[in-house]
Amino acid sequence: MYALVDAVAFYASAEKVFDPAIRSKPVVVLTNNDGCVCAICPIARRLNIPKFQPYFKVKHLLAKHKVIVRSSNYELYADLSDRMMNVISRFCDKQYIYSIDESFLHFTGFTPLINDWHQYGHLIRRTVWRETKLPVGVGFGSTPTLAKAANHAAKKLKGFNGVAVIDSEQARLRILAAMDVADIWGVGKRLAKKLKQLHINSALDLAKQDPLQMKRLFNVVLARTVDELNGRTCLEWDEVRQDKREIFSTRSFGERLTDPTVLKTALINHCTIVARKLRLQRSLTKRLLLFVASSPHELNAYKKSLVYELPTSSADSCVFANAISEVFAQLYQQNVRFYKCGVGALELSSQQFQQSDLFTPNKNNIKLMKCLDSVNARYGSNTLALASQQQSQAWHMKREFLSPQYTTRWLHLPKISCNL
DNA sequence: TCTGGGGTCCTAGGACCC
DNA sequence: TCTGGGGTCCTAGGACCC
């Protein structure tokens with residue numbers, strides 16, 4: 001049995017945790033640089049606020065309904081996510097954190113004392129709410145995709161109240177029949193449109209298809225989804241939590257940027273993030289993708305990228321930073337208003353099997369990186385940083401409606417006053 | 001006045017080589 | 001003079017997810 005536990009409109013719910021005054025109000029959260037609406041609380045959802053629309057286009061609508069608008073407060077969300085995942089982990093020995101607000105639980109060789117999945121789901125919900133004040137939905141199913149479907153039902157379909165269980169044929173048919181094919185995990189807008197042309201409208205319609213036929217007409221991924229919807233597990237636990245095959249760090253700037261030094265600093269910051277992520281999954285990369293770009297919405301948009309081939313696979317921030325310095329001139333161009341840049345690690349390999357070069361000295365300083373990681377883990381990210389990262393504020397995000405970092409900054413600690 | 005997220009994986013099609 | 005196959009690698013862009 002698998003379970004998927006995730007928060008209801010996580011970012012918006014997180015904003016309500018330390019601000020009870022807005023709990024009964026419509027709340028939305030914006031993406032980086034206050035670009036788009038990315039989280040809509042259930043109360044705001046009833047007002048038909050569209051998701052992933054540019055903020056400036058829905059501004060008037062939000063104002064009309066007196067919607068509370070917040071910038072993304074990642075410091076807060078990351079910390080609340082940790083707390084939530086911690087609580088959830090107590091309910092199963094195998095947890096896989098799939099995203100900031102979702103985790104899969106895999107019950108195998110272990111049955112909870114409470115031998116009723118409904119009750120168990122509600123216990124998870126109640127406990128998470130009691131300890132974090134975050135609302136979660138829980139879905140159970142015999143495959144990851146069915147657990148996802150149950151989770152969708154738990155939160156979106158009538159009569160489930162936050163928990164749904166697919167543990168019988170009736171339950172499976174009932175939930176899949178009520179689900180639009182577009183709401184299945186792995187079926188996006190594009191695929192859903194094509195499926196509907198073939199009169200495959202509900203999740204159940206898709207489940208009834210022949211996997212081989214789906215593979216022929218579409219691809220192997222969809223064939224697997226069909227199998228999963230029928231209770232045949234294709235995404236094995238190890239596959240669900242496989243190592244990433246590429247790792248990126250990219251960001252748009254709060255304001256357009258023309259200064260080469262600042263742009264280079266931004267790139268170096270991205271490369272240290274990528275290096276840290278690589279070390280976290282014990283991977284090395286042989287090739288870095290570096291890119292810079294002006295806004296795609298601009299006339300004569302500028303875009304330049306290049307692949308840097310490292311002499312030996314690495315996850316060393318210093319090696320990456322040197323690579324950037326070496327080729328930066330090829331990326332930069334005068335009079336371009338830069339909007340975005342990023343670094344990606346391609347062609348990853350395991351740290352365990354490092355291939356060295358007979359003729360090139362290995363420049364990877366594993367000890368130094370280990371030290372850097374442990375200091376930063378203890379005292380906060382970027383306590384130790386490369387000199388070339390120069391804590392510049394110039395390219396930092398625009399966050400006009402930022403809430404306090406209640407849990408990660410002393411100055412932002414919530415104050416409780418009581419009158420005796 | 002101007003404003004449009006970030007991450008990962010996959011694939012079609014082009015370049016190049018034999 | 002004209003015509004032609006198959007493999008590998010690379011890249012840009014698409015699809016999907018949150």
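Since the model is a prediction, treat every value here as computed from it, not as a measurement.
Residue A:Tyr339 is in sugar-phosphate contact alone, with no base atom involved, counting any heavy-atom pair closer than 4.0 Å across all strands shown. When heavy atoms are screened at a 4.0 angstrom cut-off, A:Lys340 is found touching the sugar-phosphate backbone but no base atom. A:Asp101 comes within contact range of the sugar-phosphate backbone alone, with a heavy-atom separation under 4.0 Å but no base atom that close. Here A:Gln53 lies out of heavy-atom contact (under 4.0 Å) with every strand. Looking at heavy-atom distances under 4.0 Å, A:Leu30 makes no contact with the nucleic acid at all. Contacts of A:Lys189 with the nucleic acid, taken as non-hydrogen atoms under 4.0 Å apart, involve only primed sugar atoms and P, OP1 or OP2. At a threshold of 4.0 angstrom between heavy atoms, the contacts of A:Ile273 with the nucleic acid are absent. Using a 4.0 Å heavy-atom distance criterion, A:Ile100 is classed as making no nucleic acid contact. At the heavy-atom level, A:Lys303 lies under 4.0 Å from the strands shown only through sugar-phosphate atoms. Within the nucleic acid shown, A:Cys36 comes within 4.0 Å of sugar-phosphate atoms alone, with no base atom in reach, counting heavy atoms only. If you check every strand for non-hydrogen atoms under 4.0 Å, A:Ser72 touches nothing.
Side-chain rings of A:Trp117 and A:Phe91 stay apart, their centers remaining 6.0 Å or farther from each other. A:Tyr332 and A:Phe338 have their aromatic ring centers within a separation under 6.0 angstrom.
Taking the side chain to side chain donor-acceptor pair (under 3.5 Å) definition, one finds that A:Asp167 meets it with nothing, sequence neighbours left out.
Between A:Asp180 and A:Lys196 there is a salt bridge, with a side-chain nitrogen of the basic residue lying less than 4.0 Å from a carboxylate oxygen of the acidic one.
Toward the 5' end of DNA chain B, the nearer of the two residues A:Lys244 and A:Phe52, judged by each one's closest nucleotide, is A:Phe52. Of the two residues contacting DNA chain B, namely A:Glu298 and A:Val221, the nearest-nucleotide position lying further toward the 5' end is that of A:Glu298.
Sorted by first and then second residue, the salt bridge (Lys or Arg N to Asp or Glu O under 4.0 Å) pairs with a member in residues 317-339 of chain A read A:Glu298-A:Arg337; sequence neighbours excluded. Applying the salt bridge (Lys or Arg N to Asp or Glu O under 4.0 Å) test to pairs two or more places apart or on separate chains, those with a residue in residues 140-166 of chain A are A:Asp6-A:Lys155, A:Glu102-A:Lys148.
In this structure, A:Arg45 places its CZ atom where more than 12 heavy-atom neighbours from other residues, nucleotides or ligands lie under 6.0 Å away.
Residues of residues 305-316 of chain A having a heavy atom closer than 4.0 Å to DNA chain B: none are found.
A:Ile175 and A:Ala153 make their closest contact through CG2-CB, 3.8 Å (heavy atoms, listed as atom of the first residue, atom of the second, distance). Annotation for A:Phe18 and A:Pro414: closest pair CD2-CG, 3.8 Å, computed over non-hydrogen atoms. Between A:Arg70 and A:Ile22 the shortest heavy-atom distance is NH1-CD1, 3.9 Å. Shortest non-hydrogen contact noted between A:Val37 and A:Val58 is CG2-CG2, 3.8 Å.
Looking only at distances, a side-chain donor or acceptor of A:Asn151 sits under 3.5 Å from a matching main-chain atom of A:Gly137.
Of all nucleotides in DNA chain B, those with any atom nearer than 4.0 Å to a heavy atom of chain A start and finish, going 5' to 3', at B:dT3 to B:dC10.
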Dot-bracket for DNA chain B, please, read 5' to 3', with Watson-Crick or G-U wobble pairs under 3.5 Å on both distances, ( ) within the strand, [ ] crossing, | other strand, . unpaired.
....||||||||||||||
